[in-house]
Number of protein chains: 2
Amino acid sequence: MPDATSKLKVAAEAPCEAPHLDGAASAARRQRLMTSPAVEALAETFRILGDPTRVRIIDVLASGELCVCDIAELVGMSESAVSHQLRLLRGMRLVRPRRSGRQVYYTLDDQHIIALFRQGLRHVLEERAGTRR
Amino acid sequence: MPDATSKLKVAAEAPCEAPHLDGAASAARRQRLMTSPAVEALAETFRILGDPTRVRIIDVLASGELCVCDIAELVGMSESAVSHQLRLLRGMRLVRPRRSGRQVYYTLDDQHIIALFRQGLRHVLEERAGTRR
DNA sequence: TGAACATATGAACAATCGCTCATATATTAC
DNA sequence: GTAATATATGAGCGATTGTTCATATGTTCA
């Protein structure tokens, strides 16, 4: 059962007086809702992916491991900026570091992310191509 | 060809002096990079999805059309806050409005989004379950 | 040891965010 | 027309963001 909104009365959710869901349909609907922790975690994941620099970092890592300075070069940002972003990505377990001498090599730590990118691009491309309606 | 970083010299990307990609591998890698517009568009999409309120809105719409006041009730936010967020989601063509009398009913405007959510949740769940390493 | 290099991190700052509140628009009923 | 309802939007404000710059940490080589 979701817990963020369940403090509200469960039966009728109707501040507007319209052809509404009846109590049963409404309750059924509430039960399908994601739990608060799931909502937070999902939003957090998308939030981390929602920045061009981080998208670029993940993109360059998609074809394999790279050290920080190469990432910085390829994405066209300072090494400091990249390092800060890598920390966030590490925190979300999206990338994983491997030290070798002075450099630290980063890899994608979850192949789901590549699938996520592809799925996201599918939406983006539909946007630009279609413009139906 | 990507255009944001291509102003930099294309051959060697090595401020650090390490066992590096050679020129050929580096060039090949550069060519696989997403274009800047694609990067921006993808990041923008994820950014819009990266907020708990918007995740909740999409979640409640996943089981079908709802008017604004019902959405507000189900996600536990003010109608004004929800309306502001719906505007963003509309702008990204993630939801679509349909007016019927005084109410405006919203639907998901792209089934890709549901797939994106599922894919995102797959990452999130792996996090919580595994904690390997 | 000390200098040079690669990366990480803290502080600071402008820019952006998501909310609230007040107000505007649109529709319905009278 | 006016009043009431449903939604949309602009202004404003505290909170968060992503960068830069300075500094700290960790590694290699002499």
Can you tell me the distance, in whole Å, between the [atom1] atom of [X] and the [atom2] atom of [N]?
{"X": "Arg87(B)", "N": "dC19(C)", "atom1": "CZ", "atom2": "P", "result": "14 Å"}
{"X": "Asp51(A)", "N": "dA15(C)", "atom1": "CG", "atom2": "C1'", "result": "13 Å"}
{"X": "Arg102(A)", "N": "dA4(C)", "atom1": "CZ", "atom2": "P", "result": "12 Å"}
{"X": "Glu44(A)", "N": "dC17(C)", "atom1": "CD", "atom2": "P", "result": "16 Å"}
{"X": "Gln103(A)", "N": "dC29(D)", "atom1": "CD", "atom2": "P", "result": "11 Å"}
{"X": "Ile71(B)", "N": "dA6(D)", "atom1": "CD1", "atom2": "P", "result": "14 Å"}
{"X": "Arg47(A)", "N": "dT16(D)", "atom1": "CZ", "atom2": "P", "result": "10 Å"}
{"X": "Leu89(B)", "N": "dT7(D)", "atom1": "CG", "atom2": "P", "result": "16 Å"}

Is the distance from OP1 or OP2 of [N] to the nearest side-chain N or O of [X] less than 4.0 Å?
{"X": "Arg90(B)", "N": "dT7(D)", "answer": "no"}
{"X": "Gln85(A)", "N": "dT17(D)", "answer": "no"}
{"X": "Ser83(A)", "N": "dT9(C)", "answer": "no"}
{"X": "Ser78(B)", "N": "dT20(C)", "answer": "yes"}
{"X": "Tyr106(B)", "N": "dA8(D)", "answer": "yes"}

| said: For Ser100(A) and Pro97(B), find the nucleotide of DNA chain D closest to each by heavy atoms; which residue's nucleotide sits nearer the 5' end? | reply: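 Residue closer to the 5' terminus by nearest nucleotide: Pro97(B).
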| field | Sequence neighbours excluded - salt bridge (Lys or Arg N to Asp or Glu O under 4.0 Å) pairs with any residue from residues 34-46 of chain A | value |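 Residue pairs passing salt bridge (Lys or Arg N to Asp or Glu O under 4.0 Å), neighbours aside: Glu40(A)-Arg56(B), Glu44(A)-Arg47(A).
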Any idea which of [options] is nearest the [X] side chain?
{"X": "Arg99(A)", "options": "dG18(D), dT7(D), dG26(D)", "result": "dG26(D)"}
{"X": "Val68(A)", "options": "dA26(C), dT19(D), dT7(C)", "result": "dT7(C)"}
{"X": "His84(A)", "options": "dC17(C), dT19(D), dC29(D)", "result": "dT19(D)"}

| task | Give a yes or no on whether a donor-acceptor pair under 3.5 Å exists between the nucleobase atoms of dC19(C), that is its base, and the side chain of Ser80(B). | result |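 No, the side chain and the base share no sub-3.5 Å donor-acceptor pair.
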| field | Minimum-distance pair of heavy atoms, taken over all atoms of Glu73(B) and Arg30(A) | value |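 Where Glu73(B) meets Arg30(A) most closely, the heavy atoms are OE1-NH2, 3.8 Å.
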| Heavy atoms from other residues, nucleotides or ligands near CZ of Arg90(A) exceed 12 (cutoff 6.0 Å) |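 Count over threshold, so yes.
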| message | As an exercise, state the distance from CZ of Arg122(A) to CD1 of Ile113(B), rounded to the nearest 0.5 Å. | response |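 Separation between the atoms: 11.5 Å.
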| message | Below 30° counts as parallel, above 60° as perpendicular, anything between as tilted: where do the rings of Phe46(A) and Phe46(B) land? | response |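 Rings of Phe46(A) and Phe46(B): parallel, as their planes differ by under 30°.
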